[in-house]
Amino acid sequence: MADLAYRCAACGGVNRVSPERLSDRPTCGRCKAPLDLEARPVDVSDDALERLVRSSPVPVLVDFHATWCGPCKMVAPLVADLARERAGRLIVVKVDTDRHQRVAGQVGLQGVPTFALFRGGNLVKVEVGALPRPRLEALIAS
Ligand SMILES: [Zn+2]
């Protein structure tokens with residue numbers, strides 16, 4: 001079985017973990033912090049996002065949101081569910097578009113929430129709006 005990949009919430013490093021080591025409470029190879037195996041989506045900066053997209057061996061789903069945005073809050077638990085269900089095979093992060101606008105500009109952000117899928121360093125697809133679960137799953141699968 002292929003290695004799984006987890007982003008360290010402490011230092012941002014991407015860690016490959018073999019499935020049989022998951023029960024050993026794996027820690028980050030760089031900073032030794034325990035890896036969050038539930039892969040809870042955390043907020044990242046433009047710089048951290050660009051590093052992640054370049055280095056991740058698994059697809060990266062980005063939730064572009066804003067703290068004042070009601071639909072963003074509404075869809076957040078669903079995004080967290082999808083991140084947990086696909087932990088190790090997908091990395092989900094959030095970007096606060098009031099604080100970080102560079103990558104949002106690159107994907108042509110038109111509103112929040114917006115979801116963008118990256119694979120192999122490339123932008124694969126962008127979808128705008130608080131998507132229902134089937135649309136989010138289709139985006140991840142694209
Ligand atoms: Zn780390």
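Side-chain atoms are counted along with the backbone in the values below, which use heavy atoms only and exclude waters and symmetry mates. Residue indices begin at 1 and follow the sequence shown. Counting convention: from 1, in listed order, for ligands and their atoms alike.
For the pair Phe118 and Ile91, the minimum side-chain heavy-atom distance is 4.5 Å or more.
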Could you walk me through whether Val103 and Glu50 pass side chain to side chain contact (heavy atoms under 4.5 Å, CB included), step by step?
CA-CA 8 Å; Val103 180; Glu50 286 176 346; 3.8 Å; yes

Determine, step by step, whether Val44 and Arg7 satisfy the side chain to side chain contact (heavy atoms under 4.5 Å, CB included) criterion, reporting the C-alpha distance in whole Å, the side-chain angles of both residues, the deciding distance to 0.1 Å, and the verdict.
CA-CA 11 Å; Val44 299; Arg7 180 181 185 273; 3.5 Å; yes

Please walk me through it: do Glu38 and Glu85 pass side chain to side chain contact (heavy atoms under 4.5 Å, CB included)?
CA-CA 8 Å; Glu38 301 211 328; Glu85 289 165 13; over 6 Å; no

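Excluding waters, the set of protein N/O/S atoms under 2.8 Å from the Zn ion (ligand 1) reads Cys8 SG, Cys11 SG, Cys28 SG, Cys31 SG.
For Asp47 and His100, the side-chain atoms include no donor-acceptor pair closer than 3.5 Å.
Other members of the hydrophobic cluster containing Leu136, listed by chain and number, are Leu61, Val75, Leu78, Val79, Leu82, Leu90, Val92, Phe115, Leu117, Val124, Leu131, Leu139, Ile140; membership follows side-chain contacts under 4.5 Å among ILVMFWY residues, whether direct or relayed.
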